[in-house]
Each structure stands twice: as C-alpha cells, then as structure tokens.
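Heads up: the structure comes next, in structure tokens.
This structure is a prediction, so every number in the text was calculated from the model and none was measured. First listed ligand is number 1; within each ligand, the first listed atom is number 1.
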Amino acid sequence: MGKKFSKLSQSSSNDNENELERSNVPKPFKYVDGKRYHNVTSLRYHLPNDGDEFDRLQMQHYLSRYIWQSNFSAPVHELLRNGGEDIRVLDVGCGPGTWILEMSSDYPQTGMFHGIDIAPIFPDTIKPFNATFSIQNALEGLNFPDNHFDYVYMRFLTAAFSTEQWETIVIPELVRVTKNGGYIEIMEWDVKIYGQGPIAKRLMDSFLSDLRSRGINDYIVEVIPEFMEKINQLTNIEHETCVNPQGLYGGQLGKLALDNGISIFRTYKPKFSKEYNMTSDEYDKLIEDFIKEMDIYKPHNITHRFWAKKI
Ligand SMILES: C[S@@+](CC[C@H](N)C(=O)[O-])C[C@H]1O[C@@H](n2cnc3c(N)ncnc32)[C@H](O)[C@@H]1O
C-alpha cells in the first residue's frame, strides 16, 4: 500500500478553512442539518466532527480510561518510559487527538506520537513537543514505511469500515507499519446495550439498522482476533473486556456512559424523528423517557481491547 500524499493530505490542521475556501482544494468539511462532517465521499463513516462530537469523544476517552484504569493494555509501558528518539507510536483515526496528547505527555522520553485522521480535527499548534498529526485515510494505506512504529493503536473505528475492509486493508496495514517485536492494539465498543428496555431497544435498532445500511459490521469485535490470527505475523494475541453501567444508577460512571448514548441519539434526531414520525418535542420527550428507563432496567455496555505482538 503506502500511497503518496495528495496536496490535501500533505497539509496538517494548520490549513485554515478560509484559504481552502478560496482555492480549488477539496473542502475538508461539509455541513448537514447544522452539523459538520468530513467531506470524503468514498467513506462509510458518518458521525459528525463538530464541537458536540468533540465533547462526546473527550468524555468517552475519560470514561474509557476510568473503566479500564489505563490508556492501553499492550505491555509497552517500559518501552515508552525508557523511550528514545527512534521509539514511535501511531494512533489511527485519532479524532481530536486526546489519546495522543495524554500519551505524549505521560511518556516524554518517547520520540514521537503521531495521530492520523481523515479530517483535520486534531490540535494544530498547542501540543506536546513529541506529538504530531497528519491527514490520512487509513483505507488508502497508511503513508508510512514498513516496520516503522513500535506501537500502533486504534480506538472506536467500528463505524468506519466494512468487515472486508477490516480484514483486507485495516488490520494488515496496522501490522505492516509495526516494527518486528512491536505491538498493535485495537479498542472497540461492541455497539450493544445489554439488558436494555423497550425505548433503548427502539433507538438501538434504528442505530444498528443505519450502521448496517452503510455496510458496517457493528459486531466486528467477534472477528477481530480471527483477522489478527490470519495475518500470521502476530503472536500473543490477547483479548479483554470491561463492563460499565449505563444510566444514573451507575453513579458518575453510569452518567458518563448515559451522556455518551444521549449524545449519539441527539445527533440522530433529524433522521430518527422522521423515521418515528415525531415532532422535535416528541423526540426530546422520547430521550427523556430513555433516561428514566435506564434507571429501571439498569443496563450496561461492554468495551473490548485486543492486542498482539508482531513477530
Ligand atoms: C469515533 S471517532 C474515535 C476517535 C478517537 N480514536 C477516540 O477514541 O477518541 C472515529 C474517528 O475515525 C476517523 N476516521 C473515520 N474513517 C477514517 C479513515 N478511513 N481513516 C482515518 N480516520 C478515519 C473519524 O474522522 C473520527 O475522528
């Protein structure tokens, strides 16, 4: 793989939108129903990348770190702590870059933490000295040499790829750019609310049907280990899960998980209210009832981490 950067992908987030406005370079964003999205027409990924989504991703980051009591599971702590100029870490689909910013601050001895995303939504100037970012589409091949990174990380990309893309492009690319002896790690939510009530089921059924209509495998966690095995270049493949309550019954943690769900269902308001033939107020009431219902049914979510060593 390894495509050459296009003019747009060479740019980092210091491209300002006004300059792009005046040029013939494709615009990085499009706006629908007042929300901002990436503008890469070939992609399945459909979640917004505006301020509300940043808040949700930040919240999801702190929630994940709290539930797991760590930012990662692969045994790379010593390596990153000892660091060195040539120790490099990659985060694929880094979003606003929260994981990279924290990791690069936690491990200042490590030479480079690099985040890539299809949209320039990562920090531009204010960042640790060892953190860098670039625009890249993981489905066009990662623009790095073979065996380049000591640790390659990817989190919450379920909504971005089809099963075939996971198997034939994404996981092979993560492995290709990892050094021999280095680690890859994938973290995903399995897109289920366990023990859900009828309102949660209605909203989740609509959400899942939307993902499936885009060719997304919402239960990709089931096949990730198999795809890792198939590459024949990975050993010590590990898989762990963490359960977290969703709803006010679960204290601060349950509230954060609930806020995460509410934020997604609010993003879907234009689509779902149309689907349910509801007014804006009726949909808001449905969300209020969803919140109350979560305290009756006391459901939970599961997140998964997979990690392995490259031979
Ligand atoms: C749900 S967000 C997760 C962001 C981050 N990993 C985190 O945990 O906060 C998914 C991110 O993947 C990016 N993305 C989607 N498809 C991509 C692709 N083909 N290549 C690179 N990034 C992609 C989106 O722009 C978005 O920022």
Side-chain angles (χ1 to χ4, degrees), residues 1-3 5-6 8-9 12-13 28-30 35-68 70-73 89-103 113-123 131 133-144 151-162 164-166 168-174 177 184-191 207 211 214-218 220 256 260-261 263-264 267-268 301 303-306:
M1 290 259 170
K3 69 166 180 95
F5 276 127
S6 69
L8 181 61
S9 48
S12 72
S13 61
F29 302 118
K30 69 177 178 198
K35 293 205 140 295
R36 195 181 73 177
Y37 295 84
H38 71 77
N39 195 21
V40 186
T41 44
S42 61
L43 295 182
R44 292 162 205 269
Y45 189 76
H46 65 295
L47 291 175
N49 58 31
D50 54 9
D52 288 346
E53 179 66 357
F54 280 18
D55 288 348
R56 186 185 76 78
L57 291 175
Q58 298 261 13
M59 182 170 68
Q60 193 172 234
H61 169 80
Y62 294 115
L63 176 64
S64 306
R65 194 185 66 182
Y66 187 81
I67 296 165
W68 285 84
S70 66
N71 269 328
F72 58 90
S73 290
V89 177
L90 176 68
D91 182 13
V92 175
C94 64
T98 319
W99 187 87
I100 285 279
L101 295 178
E102 246 182 57
M103 291 290 288
F113 286 85
H114 190 82
I116 68 130
D117 202 282
I118 36 152
I121 52 177
F122 33 75
F133 296 94
S134 64
I135 301 174
Q136 290 193 37
N137 178 353
L139 292 174
E140 292 182 352
L142 297 169
N143 197 9
F144 301 105
Y151 179 39
V152 174
Y153 183 79
M154 192 171 79
R155 182 175 69 180
F156 301 139
L157 271 285
T158 289
F161 313 127
S162 68
E164 194 194 345
Q165 288 170 335
W166 274 95
T168 62
I169 305 174
V170 180
I171 295 184
E173 275 295 279
L174 301 185
V177 299
I184 76 162
E185 178 163 346
I186 298 172
M187 175 166 175
E188 290 299 334
W189 172 46
D190 63 20
V191 205
F207 181 53
L211 288 180
R214 297 168 196 277
I216 299 298
N217 179 350
D218 46 275
I220 197 68
L256 282 179
N260 195 24
S263 172
I264 291 180
T267 294
Y268 269 92
N301 302 120
T303 48
H304 301 245
R305 282 183 180 174
F306 308 89

[X] to ligand 1: N or O pair under 3.5 Å?
X: Leu47; result: no
X: Arg155; result: yes
X: Gln60; result: no
X: Pro96; result: no
X: Arg56; result: no

Report, in ascending order of atom number, the atoms of ligand 1 lying under 4.0 Å from any heavy atom of [X].
X: Phe156; result: 1 (C), 2 (S), 3 (C), 8 (O), 10 (C)
X: Leu43; result: 19 (N)
X: Ile121; result: 27 (O)
X: Gly95; result: 4 (C), 27 (O)

Backbone N/O of Phe72 and side chain of Arg305: donor-acceptor pair under 3.5 Å: yes
Looking only at protein heavy atoms, which one is nearest to [atom], and how far off is it?
atom: atom 16 (N) of ligand 1; answer: Ala160 CB, 3.6 Å
atom: atom 22 (N) of ligand 1; answer: Ile118 N, 3.4 Å
atom: atom 19 (N) of ligand 1; answer: Asn137 OD1, 2.9 Å
atom: atom 26 (C) of ligand 1; answer: Asp117 OD2, 3.5 Å
atom: atom 12 (O) of ligand 1; answer: Leu157 CD1, 3.3 Å
atom: atom 5 (C) of ligand 1; answer: Gly93 O, 3.3 Å
atom: atom 20 (N) of ligand 1; answer: Ala138 N, 2.9 Å

Test of understanding: given a 4.0 Å heavy-atom threshold, classify the contact between [X] and ligand 1 as side chain, backbone, both, or neither.
X: Phe161; value: side chain
X: Tyr45; value: side chain
X: Val92; value: neither

Within-4.5 Å side-chain heavy-atom neighbours: [X] and [Y]:
X: Met187; Y: Tyr153; value: yes
X: Arg36; Y: Ile121; value: yes
X: Thr98; Y: Tyr62; value: yes
X: Leu47; Y: Phe156; value: no
X: Pro120; Y: Phe133; value: no
X: Val89; Y: Trp99; value: yes

Please indicate whether Glu164 has more than 12 foreign heavy atoms, meaning atoms of other residues, nucleotides or ligands, lying under 6.0 Å from its CD. no
How many angstroms lie between atom OG1 of Thr267 and atom CD of Glu53, to the nearest 0.5 angstrom? 6.0 Å
In Å, rounded to the nearest 0.5 Å, how long is the span from CD1 of Ile186 to CE of Met154? 4.5 Å
Would you say Gln136 contacts ligand 1, with heavy atoms under 4.0 Å as the rule? yes
Is there a heavy atom of Cys94 sitting under 4.0 angstrom from any atom of ligand 1? yes
Sequence-distant partners of Asp190, salt bridge (Lys or Arg N to Asp or Glu O under 4.0 Å), two or more places apart: none
Parallel, tilted or perpendicular for His114 and Phe144, by the 30°/60° rule? perpendicular
Tightest non-hydrogen contact, residues Pro123 and Leu101, listed as CG-CD1, 3.7 Å
